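Have a look at the structure below, then the notes.
What you are looking at is a predicted structure, and each value in this text was computed from that prediction instead of being measured.
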Amino acid sequence: MITITVFPTSPQTSTPFTLKGTATDVDDGDELLILVDDQFEVARPHIKGGEWEATLMFNQGGKRLIEVIASDQDKAEITLDFSTGALNIISRRIWKAKASKRALANLSSPKRITIHHTVMPTLSSTASQSDEESRMLKIQEIHHNDSGFSDIGYHFVIMPSGRIYEGRPNGKKGSHDQLNDGFGVAFDGSFHISGSQITSTQFDSAVALCTQLCRRMSIT
């Protein structure tokens, strides 16, 4: 028997969420199918220790039917009502960013999103927001003093916790690639090192952020 035990109580579009449940009379390693609105296949979680888990994100609001299926006779379903909400992005004011050293050129029509990493020792995914704010100040200090930038080069930094921080103001050109004609989004950490990888929450936050930016700026 398939059950859904964990689900969001106030789901929002463009915000990752987790579904969890149990599976009895199903073997470990077996694959489930998660179907939305009777037509969209969105995940295939595997059973582990009689439990299953999947992280999902919807971009369309309203009531959505979610089915977790083991077979035609064995499935669980739930209907969630998704509101259209904005991402929680921690502002420059919150992390006490220093003022730009020089005037910044306007970014009038962003054409792309470039993904980076900060190439700094990777913070723990359980780091406190205070620790992350200190990291943002350190990145800005390096970009001011060592890189010679007018401000932090990236428009957004995503921490291993999944929290998103505002870097350079969105309406200003960045200093993050050779073109600087779009947004710079950086995963915090050093991912050129063998065995290192972004967290699932970083990935989910990046998908939600990039989806929102593309919609807002009509980046195709």
Is the backbone N or O of [Y] less than 3.5 Å from a side-chain atom of [X], with the two atoms forming a donor-acceptor pair by type?
{"X": "W52", "Y": "T3", "value": "yes"}
{"X": "H155", "Y": "G184", "value": "yes"}
{"X": "D151", "Y": "A99", "value": "no"}
{"X": "S150", "Y": "L104", "value": "no"}
{"X": "S161", "Y": "R163", "value": "yes"}
{"X": "H143", "Y": "G153", "value": "yes"}

Would you find more than 12 non-hydrogen atoms of other residues, nucleotides or ligands less than 6.0 Å from [X] atom [atom1]?
{"X": "K101", "atom1": "NZ", "value": "yes"}
{"X": "D81", "atom1": "CG", "value": "yes"}
{"X": "K20", "atom1": "NZ", "value": "no"}
{"X": "Q197", "atom1": "CD", "value": "no"}

Using the six-membered ring of Y154, assess whether NZ or CZ of R168 lies under 6.0 Å from its centre and within 45 degrees of the ring axis.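 Output no; distance or angle outside limits.
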
Please lay out, stage by stage, how V119 and F191 fare under the test side-chain contact (heavy atoms from CB on, under 4.5 Å). CA-CA 7 Å; V119 199; F191 303 109; over 6 Å; no

Do [X] and [Y] have side-chain N/O donor and acceptor atoms under 3.5 Å apart?
{"X": "K173", "Y": "N106", "result": "no"}
{"X": "T18", "Y": "E53", "result": "no"}
{"X": "S134", "Y": "D131", "result": "no"}
{"X": "S130", "Y": "S128", "result": "no"}

So that I can tick it off, tell me whether K75 and E67 are bridged by a salt bridge, with the cut-off set at under 4.0 angstrom between side-chain N and carboxylate O.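 Between K75 and E67 there is a salt bridge, with a charged N closer than 4.0 Å to a carboxylate O.
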
For M120 and I142, work out which heavy atoms get closest and say how close.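 Scanning both residues, the minimum pair turns out to be CE-CD1, 4.1 Å.
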
Mind listing the closest non-hydrogen atom pair of T5 and G21 along with its distance?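 Closest approach of T5 to G21: OG1-CA, 3.5 Å.
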
Tell me whether the centres of the aromatic rings in F17 and F58 are closer together than 6.0 Å.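 Yes, the ring of F17 comes within the 6.0 Å limit of the ring of F58, centre to centre.
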
With side-chain contact (heavy atoms from CB on, under 4.5 Å) as the test, would you mind laying out the steps for Y165 and F156 before giving the verdict? CA-CA 6 Å; Y165 287 78; F156 301 94; over 6 Å; no

